[in-house]
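Excluded from the calculations below are hydrogen atoms, water molecules and symmetry mates; all remaining heavy atoms, backbone and side chain alike, are included. Quick caveat: nothing in here was measured; it's all calculated off a predicted structure.
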Amino acid sequence: GFTVSKMDNYLLINALFVGFCIKVYTEGRPIAGHSTTWVLWLYAVAGASALLYFLLSMWLAMHASVSSHSFGVRLLTQFVRLAVPTQQEL
């Protein structure tokens, strides 16, 4: 349904953000000789926290997608389906 596709879109965007975060973390770092140590530490902490945030968001998007898909299947198979009467009920 709609929720499954929305969570899959979140997962795709977060995967792109993880790639951008890794690229910035590896190629865009400040030069060690020209920057102070607190700038380097601030850069490292900010990059690591952004990466962990995006990984957590990917994990939660996967969980939400699987949960909503399984609830949709349950809804279609258990709640909406008419009960078939047995011989005793007939």
Side-chain angles (χ1 to χ4, degrees):
F2 180 67
T3 305
V4 175
S5 63
K6 192 165 58 169
M7 290 302 121
D8 290 342
N9 289 338
Y10 286 154
L11 185 61
L12 175 69
I13 296 301
N14 283 324
L16 290 173
F17 280 159
V18 166
F20 295 151
C21 188
I22 289 173
K23 187 170 181 118
V24 166
Y25 195 70
T26 57
E27 294 181 8
R29 62 185 174 170
I31 300 170
H34 299 293
S35 300
T36 59
T37 56
W38 68 269
V39 171
L40 294 173
W41 275 106
L42 183 67
Y43 178 78
V45 168
S49 62
L51 184 65
L52 288 175
Y53 174 76
F54 288 132
L55 288 175
L56 177 67
S57 181
M58 284 178 63
W59 179 42
L60 291 176
M62 279 191 281
H63 178 69
S65 178
V66 169
S67 296
S68 63
H69 185 70
S70 66
F71 182 73
V73 168
R74 183 175 173 209
L75 183 70
L76 290 174
T77 58
Q78 292 179 0
F79 297 134
V80 178
R81 182 183 293 173
L82 295 175
V84 177
T86 62
Q87 282 292 349
Q88 289 178 338
E89 291 174 348
L90 290 176

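- Using cut-offs of 30° and 60° on the angle between ring planes, the pair Phe17 and Phe54 is tilted.
- Side-chain contact between Val24 and Tyr43 is present, with heavy atoms from C-beta onward closer than 4.5 Å.
- Contact record, Ser35 with Pro30: OG-CB, 3.5 Å, taken as the closest heavy-atom pair.
- Rounding to the nearest 0.5 Å places CE of Met62 at 12.0 Å from OG of Ser67.
- Distance check, rounded to the nearest 0.5 Å: CG of Leu51 to CG of Leu56 gives 11.5 Å.
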- Message: With side chain to side chain contact (heavy atoms under 4.5 Å, CB included) as the criterion, how do Trp38 and Leu42 come out once you've worked through the C-alpha distance, each side chain's angles and the decisive distance to 0.1 Å?
- Response: CA-CA 6 Å; Trp38 68 269; Leu42 183 67; 4.3 Å; yes
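- The shortest non-hydrogen separation linking Met58 to Leu11 is O-CD1, 3.6 Å.
- There is no path of hydrophobic side-chain contacts, each under 4.5 Å, that joins Phe20 to Leu52.
- Rounded to the nearest 0.5 angstrom, Leu40 CG and Ile31 CD1 are separated by 10.5 Å.
- Shown here for Ala61 and Met7, the closest heavy-atom pair between the two residues is O-CB, 3.7 Å.
- In this structure, the side chain of Ser70 engages the main chain of Val66 through a donor-acceptor pair within 3.5 Å.
- Taking OG of Ser57 as the start and CD1 of Ile13 as the end, the distance is 11.0 Å to the nearest 0.5 Å.
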